[in-house]
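Order of the sequence lines fixes the chain letters, A, B, ..., with proteins taken first and strands second; residue numbering starts at 1 for each chain.
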Amino acid sequence: VSGHETTAHEPVFTGAVLAKLEALYPKYPDKRSLLLPALWLVQEARGWVSAGSITELAELLDLTAAYVRGVVTFYTMYHTHPVGRHFIQVCTTSPCGICGAEDVARALVRETGCGDLGTTSPDGRFTVIEVECLGACGFPTPILIDDDFIENVSVDGVAAILARYP
Amino acid sequence: MGYPHPIHPKETPVLSTHFGEVEARTYAGWVKRGGYEALKKAIAMAPDEIINEVKASGLRGRGGAGFPTGMKWSFMPKDDGKPHYLCCNADESEPGTFKDREILRWTPHALIEGCAIAQLAIRAETCYIYIRGEFTEPYHILQRAVDEAYANGVLGVNALGSGRRVDIIVHRGAGAYICGEETALMNSIEGRRGNPRIKPPFPAVAGLFGLPTTINNVETLAAVPAIITRGAAWYASLKLSSPKSTGTKLISVCGHVQRPGVYEITLGFPMKELIYDLCGGMRPGRTLKAVIPGGSSVPIMTPAEVEDCATDYEGIVAKGSMLGSGGMIVMDDSTDLVYQIMRLARFYAHESCAQCTNCREGTAWTTRVLERMLAGEGKASDLDLLLDLSENMTGKTICVLSDSCAAPVVSGIHKFRADFDAYINTARPLTTVGV
């Protein structure tokens, strides 16, 4: 389910990343509750959550790898495989859909050279996926590029937005 | 287009008064606007006094269910010696709903203040604000505001010198609509898959970490400071139709209106005026076809039902739908309703946690039947099949996700039958599906 790295797994939770995790301990009464925040730290550090990271995290939080895998795969925002340098999420649920979101999604696929939704462009620069409701229905079409939430994206505006993400 | 729009004379700004003011996001800016006075007042009150004030205000849950807030708080045990928790539901993900996002990004301190007051009332030292992972901007703004509240002694071991510990922890979700369901949200905070839990036990008995918990929506909690400051009688006087629907409500309007955005109305405000006056009505040359008034989980309304509908809990129920979250999706005559209902069914199929058979299978099956219909391969018997499926998805599962999938399907077939028949009878080819 979760992908493997091409080289031996280097521990994520050392130095500054470990310190960030340890700073979270007092906020929760048990270790298991640290799982979602810890997975965010993994993704922040590595860009995705590998099988090796899952095993490492399971040991750190006194959980099993199978348990962690079950949680990772439940949530759509954790990447279980490497993605492009910039990860684009475009909302096409009904409220945006009736305002032209599918055209924006098509334009994103075309302009990034991804070829299809869910795939990465050959240059490794972009991955575009379609997501369900981003909760900004009054500003169609909202897209997320990495952590940047961009509202009111139109087909004509796609190229200029992408240019900001080398 | 978009927010912040200038406040319309017909709006009743309470929560939205400071939307669009960047300075209101800061602690100093919030205090300058009278912030944290309500918390000071609440600190001097006994917990039951706070609960009684909220009860008297008539405030009801703004997340969708409309349960009386004061009553919910009163279910929390007293003197049980156990830790209590408050959860704030900031997992706003219901299609059509984008009102909590405005509170989170413009007036985060209103939410923090509301949480702190609720914590005093239900005797909870710890509150988790569960914010959906996609809300990157609101998350950073909220976290900054929480940090500032700690730095200024509003939160912490001795909140505002009260001798009471009030902690607020912002917890990010990671992409799952179902985590907006209250018990799924608790599981998610606990580091589990976001599967809803069977009730009872209800959260007030055994919620987060198995301990007494109250969970409220962002808008509900953000409404509390004004109630404490200005009094329950003032809040209860804000009503235009039903006496059971008091106060103001943020309505997020999207779709085919000229001015989509978040509007704050006194409950009972005429839906027609909301759509035509506040939101500017339809685009030129277009007419209204349908309205989904409370987020995608509620039945679709016809223009005739909108005509004299009061926008409050009872008024919309009287027209066969629900106020829900106040996420209003307006569709004009250019809308392919069958396609949009399929798209909503696909949303629920995507978001099902897959725990219950009727939901896991039903949402996917419904989607497939609608997709087939859109592909020009619909059969006359498909409508009965969809209704049968919907019946088996309503009231049969742990949570209401599958009921939510059935609502637009059933209301769509009953109220817009001709749209479905057109696909079935003319084998209209699929023109818009797929990217």
Side-chain angles (χ1 to χ4, degrees), chain A residues 24 26-40 43 61 63 67-68 70-78 89-99 101-103 105-106 108-109 116-117 128 130-140 142 144 146-149 151-152, chain B residues 1-3 83 92-98 100-101 132-138 140 167 169 171-177 179 188-195 209 252-256 260-262 292 296 327 329 331-332 334-335 339-341 343-344 346-347 350-351 353 432-435:
Chain A
L24 295 173
K27 296 186 171 186
Y28 300 90
D30 64 14
K31 278 189 174 182
R32 189 207 324 256
S33 306
L34 292 162
L35 185 49
L36 266 68
L39 286 166
W40 278 120
Q43 189 149 303
L61 299 180
L63 301 164
Y67 179 86
V68 175
V71 172
V72 169
T73 53
F74 186 88
Y75 298 95
T76 57
M77 293 183 79
Y78 298 128
Q89 307 179 58
V90 51
C91 172
T92 59
T93 311
S94 292
C96 292
I98 60 174
C99 296
E102 291 179 354
D103 293 331
R106 282 187 203 97
L108 282 164
V109 167
D116 202 355
L117 287 166
V128 182
E130 190 180 21
V131 291
E132 296 294 352
C133 193
L134 283 177
C137 323
F139 315 97
L144 255 174
D146 306 329
D147 263 2
D148 300 340
F149 201 102
E151 300 168 350
N152 298 120
Chain B
M1 189 202 276
Y3 200 83
E92 182 169 64
S93 314
E94 172 90 0
T97 314
F98 51 102
D100 295 339
R101 179 170 177 261
R132 65 177 299 189
E134 294 87 344
F135 274 1
T136 47
E137 184 204 14
H140 291 298
D167 279 328
I169 294 149
H171 187 96
R172 274 187 87 191
Y177 164 76
C179 289
S188 186
I189 293 174
E190 291 179 16
R192 303 173 195 273
R193 293 166 69 91
N195 293 335
F209 304 113
S252 58
V253 189
C254 63
H256 297 144
V262 176
I292 305 183
S296 60
I329 309 168
M331 293 175 275
D332 69 20
S334 71
T335 310
Y339 180 72
Q340 292 310 328
I341 291 170
R343 197 57 193 76
L344 289 176
R346 189 193 281 170
F347 169 85
H350 183 264
E351 301 299 338
C353 85
T432 48
V433 184
V435 168

Is there a side-chain contact (heavy atoms from CB on, under 4.5 Å) between A:C133 and B:Y177? Walk through the geometry before answering. CA-CA 9 Å; A:C133 193; B:Y177 164 76; over 6 Å; no
Of all the heavy-atom pairs spanning A:C137 and B:C254, show the shortest one and how long it is. O-CB, 3.3 Å
Which atom names give the shortest non-hydrogen contact between B:G133 and A:W40, and what distance separates them? CA-CZ2, 4.3 Å
Nearest heavy-atom neighbours spanning B:R343 and A:S94: CB-OG, 3.5 Å
Heavy-atom cut-off 4.5 Å, strictly under: side chain, backbone, both or neither for B:D100 against chain A? neither
Could you measure the distance from the CD atom of B:E134 to the CE atom of A:M77? Nearest 0.5 Å is fine. 4.5 Å
If you count heavy-atom pairs under 4.5 Å with chain B, which of A:Y67, A:Y78, A:Y28 comes out on top? A:Y28
By a 4.5 Å heavy-atom criterion (distance strictly below it), what part of B:I329 contacts chain A: side chain, backbone, both, or neither? side chain
Beyond-backbone contact of B:D167 with A:K27, side-chain heavy atoms, under 4.5 angstrom: no
Approximate separation, where rounding is to 0.5 Å, of B:E190 CD and A:L35 CG: 12.0 Å
Considering only heavy atoms, which portion of B:F347 lies under 4.5 Å from any heavy atom of chain A: side chain, backbone, both, or neither? both
Test item: B:H256 side-chain N/O and A:I98 main-chain N/O as donor-acceptor pair under 3.5 Å: yes
Closest non-hydrogen atom pair, A:D147 against B:T136: O-OG1, 2.9 Å
Report the option among B:E92, B:R101, B:E137 that has the most heavy-atom pairs separated by less than 4.5 Å from atoms of chain A. B:R101
Could you check whether any side-chain heavy atom of A:Y75 comes within less than 4.5 Å of a side-chain heavy atom of B:C179, counting everything from C-beta outward? yes
Quick check on A:L134 against chain B: is it the side chain, the backbone, both or neither that has a heavy atom closer than 4.5 Å? both
Counting heavy-atom pairs under 4.5 Å with chain A, the top scorer among B:H350, B:R172, B:E351 is B:R172
For chain A, the option from B:G255, B:P95, B:S93 that forms the most heavy-atom pairs under 4.5 Å: B:P95
How close do A:P95 and B:G96 get, counting heavy atoms only, and between which atoms? CG-N, 3.6 Å
Between CZ of B:F98 and CD of A:E151, what distance do you get to the nearest 0.5 Å? 10.0 Å
The interface call for B:S252 against chain A, heavy-atom contacts under 4.5 Å, is neither
Bottom line for A:D103: the part with an atom under 4.5 Å from chain B's heavy atoms is neither
Checking heavy atoms, do the side chain of B:S334, its backbone, both or neither come under 4.5 Å from chain A? neither
What closest approach, in Å, do A:F74 and B:A176 show between heavy atoms, and which atom pair accounts for it? CE2-CB, 4.0 Å
With respect to chain A, which residue among B:G173, B:G194, B:P83 yields the maximal number of heavy-atom pairs within a distance under 4.5 Å? B:G194
